Amino acid sequence: MKTLIVYGTKHGATEKCSKVLKDKLNGEVVIVNIKKDVIPDMNSFNNIVIGGSIYAGRIQKEIREFCFKNLNTLKNKKIGVFVCCMSEGEKAISQLNDSLPSELMCMATAKEHLGGGFTFSKMNFLEKFIIKMVSKKQKNPVKVNINKDVLNIHEESINKFAELMNKK
C-alpha cells in the first residue's frame, strides 16, 4: 500500500500533523507540501490524504484548487481529508466540509480535525490583530497571548484517522 499526503500549511500546525500521521500509516508514505514541493504522479498511489488549515473559515486556495483540478483522479483512490484549525468539534468539520468539493467529502474514508495552533512568532501584525479581535467575539472568549505560540495537536484524532486509512 502506498499513500500520498498532500498538505497546505501557513504557520506549521498542518505540517506537524502531517508528519505525525505519516508515521502512523502503513506502507510507503510520501508527504508533499503543496506550496513548496512537486506533486508526484498520483496514479502510483493507492491512498491520497489531503490536509489544510483554516483561515477566515476556508482552507488554503492551493488545496481547494488541487481537489477540484484532480477530482476525477481522486475518485479512484481511497481518500482521507483533515483540517487543522483552532475551532473545535462540529464547527471544524463544518469548515472542512464547506471548503472542499462535496463529491470528495462524501467519498472520504476518513475526515478529521487534527488540532491547530497559533504560531504568533511567524505572524505579521495584521494576523495577530485579527486573531485577537476574533477571539474576543467568541461565545466563550479565550484570552489570547500574542507573545506565546500555541500548538494543540489531537493525538487521538490522528490515531483514529490513521486507523481508518489503514483498514483494507
Side-chain angles (χ1 to χ4, degrees), residues 1-119 131 134 150-168:
M1 182 167 42
K2 197 170 174 186
T3 301
L4 174 65
I5 300 175
V6 178
Y7 73 91
T9 192
K10 187 163 183 171
H11 297 297
T14 309
E15 179 175 32
K16 172 82 170 155
C17 288
S18 295
K19 289 178 178 178
V20 172
L21 179 62
K22 177 186 179 187
D23 293 338
K24 296 178 182 287
L25 294 173
N26 296 337
E28 182 182 345
V29 181
V30 176
I31 189 167
V32 174
N33 180 335
I34 199 164
K35 293 180 181 181
K36 295 180 181 177
D37 304 321
V38 175
I39 296 174
D41 178 15
M42 289 187 290
N43 292 316
S44 63
F45 294 91
N46 310 92
N47 306 328
I48 309 284
V49 173
I50 303 160
S53 50
I54 299 290
Y55 287 92
R58 305 284 296 185
I59 206 161
Q60 282 96 345
K61 176 183 72 165
E62 295 89 350
I63 293 294
R64 280 183 54 78
E65 289 173 355
F66 169 81
C67 291
F68 279 103
K69 178 182 172 192
N70 296 292
L71 192 55
N72 286 331
T73 302
L74 295 171
K75 286 181 192 177
N76 298 313
K77 306 292 179 183
K78 185 176 186 181
I79 299 296
V81 292
F82 72 88
V83 68
C84 291
C85 63
M86 291 306 282
S87 296
E88 292 291 338
E90 284 300 313
K91 184 173 182 181
I93 297 301
S94 176
Q95 288 174 326
L96 176 59
N97 285 329
D98 292 345
S99 295
L100 297 178
S102 58
E103 201 171 348
L104 183 68
M105 295 306 294
C106 288
M107 63 175 280
T109 299
K111 292 185 266 190
E112 287 292 332
H113 168 238
L114 302 185
F118 291 133
T119 310
I131 289 170
V134 169
V150 177
L151 183 60
N152 185 18
I153 303 300
H154 298 166
E155 192 79 30
E156 63 282 351
S157 296
I158 294 173
N159 290 337
K160 180 180 171 187
F161 190 99
E163 187 179 310
L164 289 168
M165 291 304 294
N166 287 331
K167 282 185 183 176
K168 296 206 180 208

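Everything quoted here is computed from the prediction, not taken from an experiment.
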### Query
Looking at Glu15 and Lys19, does any basic side-chain N land under 4.0 Å from a carboxylate oxygen?
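Lys19 and Glu15: salt-bridged.
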What are the two closest heavy atoms between [X] and [Y], and how far apart are they?
{"X": "Val38", "Y": "Val32", "answer": "O-CG1, 4.0 Å"}
{"X": "Cys84", "Y": "Leu114", "answer": "SG-CB, 4.4 Å"}
{"X": "Leu4", "Y": "Met42", "answer": "CD2-CG, 3.8 Å"}
{"X": "Gly51", "Y": "Ile63", "answer": "O-CD1, 3.5 Å"}
{"X": "Leu100", "Y": "Cys67", "answer": "CD2-SG, 3.7 Å"}
{"X": "Phe45", "Y": "Lys77", "answer": "O-NZ, 2.6 Å"}

How about [X] and [Y]: do any of their side-chain heavy atoms sit closer than 4.5 Å?
{"X": "Thr14", "Y": "Phe82", "value": "yes"}
{"X": "His113", "Y": "Ser157", "value": "no"}
{"X": "Ile48", "Y": "Asn70", "value": "no"}
{"X": "Val20", "Y": "Glu155", "value": "yes"}
{"X": "Val49", "Y": "Val29", "value": "no"}
{"X": "Lys78", "Y": "Asn46", "value": "no"}

State the [atom1]-[atom2] distance between [X] and [Y], to the nearest 0.5 angstrom.
{"X": "Glu28", "Y": "Thr3", "atom1": "CD", "atom2": "OG1", "result": "9.0 Å"}
{"X": "Tyr7", "Y": "Lys35", "atom1": "OH", "atom2": "NZ", "result": "10.5 Å"}
{"X": "Lys75", "Y": "Thr73", "atom1": "NZ", "atom2": "OG1", "result": "10.0 Å"}
{"X": "Asp37", "Y": "Ile31", "atom1": "CG", "atom2": "CD1", "result": "9.0 Å"}
{"X": "Ile79", "Y": "Ile50", "atom1": "CD1", "atom2": "CD1", "result": "5.0 Å"}
{"X": "Glu62", "Y": "Asn33", "atom1": "CD", "atom2": "CG", "result": "9.0 Å"}

### NZ (Lys2) with more than 12 external heavy atoms under 6.0 Å
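Enclosed: over 12 neighbouring heavy atoms sit under 6.0 Å from NZ of Lys2.
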Are any side-chain N or O atoms of [X] and backbone N or O atoms of [Y], one a donor and one an acceptor, separated by less than 3.5 Å?
{"X": "Arg64", "Y": "Ser99", "answer": "yes"}
{"X": "Gln60", "Y": "Gly8", "answer": "yes"}
{"X": "Asn159", "Y": "Lys24", "answer": "no"}

### Query
Yes or no on side-chain contact (heavy atoms from CB on, under 4.5 Å) for Ile5 and Leu25, after CA distance, side-chain angles and deciding distance?
CA-CA 10 Å; Ile5 300 175; Leu25 294 173; 4.0 Å; yes
